[in-house]
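A short worksheet on the structure shown next.
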Amino acid sequence: MNMEMVEKIANAVLYEGYMLYPYRPSSTKNQQRWNFGTLYPRIYSEEKKGAEPCSMETQCLAVARPDAAIKIRLRFLQFVNKEAGENSSPWQEAVEQTFDIQELHLCELASEPIAI
C-alpha cells in the first residue's frame, strides 16, 4: 500500500474544515469552524442533551488470514485556546495529535474489541 497517498488523503480530511475556515466570514454557515468527526467534552455533550457528540465508534471490515495483525494510527486536531496578551482577543489554534497502536491481531480483536 502506498502510505504517502494514504497520508495525503488523511491530511485532506483532517484539515478540510480547519484550514479553509472561514470561507467567507459574512456567510452564516461559515461563522463557526466545522471539522469532520468533531468530539466535545462529555459534560458539554450532556448539557446539550447529546446534540454535540462526545464519543465516536469506528468499525472496519477486514478479510485476512486468522494470524494477521494490523497497525492503527489515530490522528486528530485538538483545539487549544490562545491569548497573546491582556488586551488581545482570544482565539483557538489546532494542535495535531497522533497515537500509533502496533500489532493488533485480528483473531483477538474478533473476540474482544478494543476501546481507545
N/O donor to acceptor pairs below 3.5 angstrom from side-chain atoms of residues 100-108, sequence neighbours left out:
from, atom 1, to, atom 2, distance (Å)
Asp100, OD1, Arg73, NE, 2.7
Asp100, OD1, Arg73, NH2, 3.3
Asp100, OD2, Arg73, NH2, 3.0

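- Ile9 belongs to no hydrophobic cluster, as no Ile, Leu, Val, Met, Phe, Trp or Tyr side chain comes under 4.5 Å of its own.
- Under the rule for a side chain to side chain contact (heavy atoms under 4.5 Å, CB included), Val63 has no partner lying at least two apart in sequence or in another chain.
- One finds the CD atom of Glu96 at 6.5 Å from the CG atom of Asn11 (value rounded to the nearest 0.5 Å).
- Here the straight-line distance linking atom SG of Cys60 with atom CG of Leu109 works out to 10.0 Å at 0.5 Å rounding.
- The distance from the CD atom of Glu93 to the CG atom of Leu77 is 11.5 Å, given to the nearest 0.5 Å.
- For the pair Gln97/Leu74, no side-chain contact is recorded, criterion being any heavy-atom separation below 4.5 Å from C-beta on.
- Counting only residues at least two apart or on different chains, the side chain to side chain donor-acceptor pair (under 3.5 Å) pairs with a member in residues 54-64 are Glu57-Gln59.
- The salt bridge (Lys or Arg N to Asp or Glu O under 4.0 Å) contacts involving residues 60-69 comprise Arg65-Asp67, where partners must be two or more places apart or lie in separate chains.
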Pairs under 3.5 angstrom only: tabulate donor-acceptor contacts from the side chains of residues 42-51 to other protein residues two or more places apart or in another chain.
from, atom 1, to, atom 2, distance (Å)
Ser45, OG, Glu52, O, 2.6

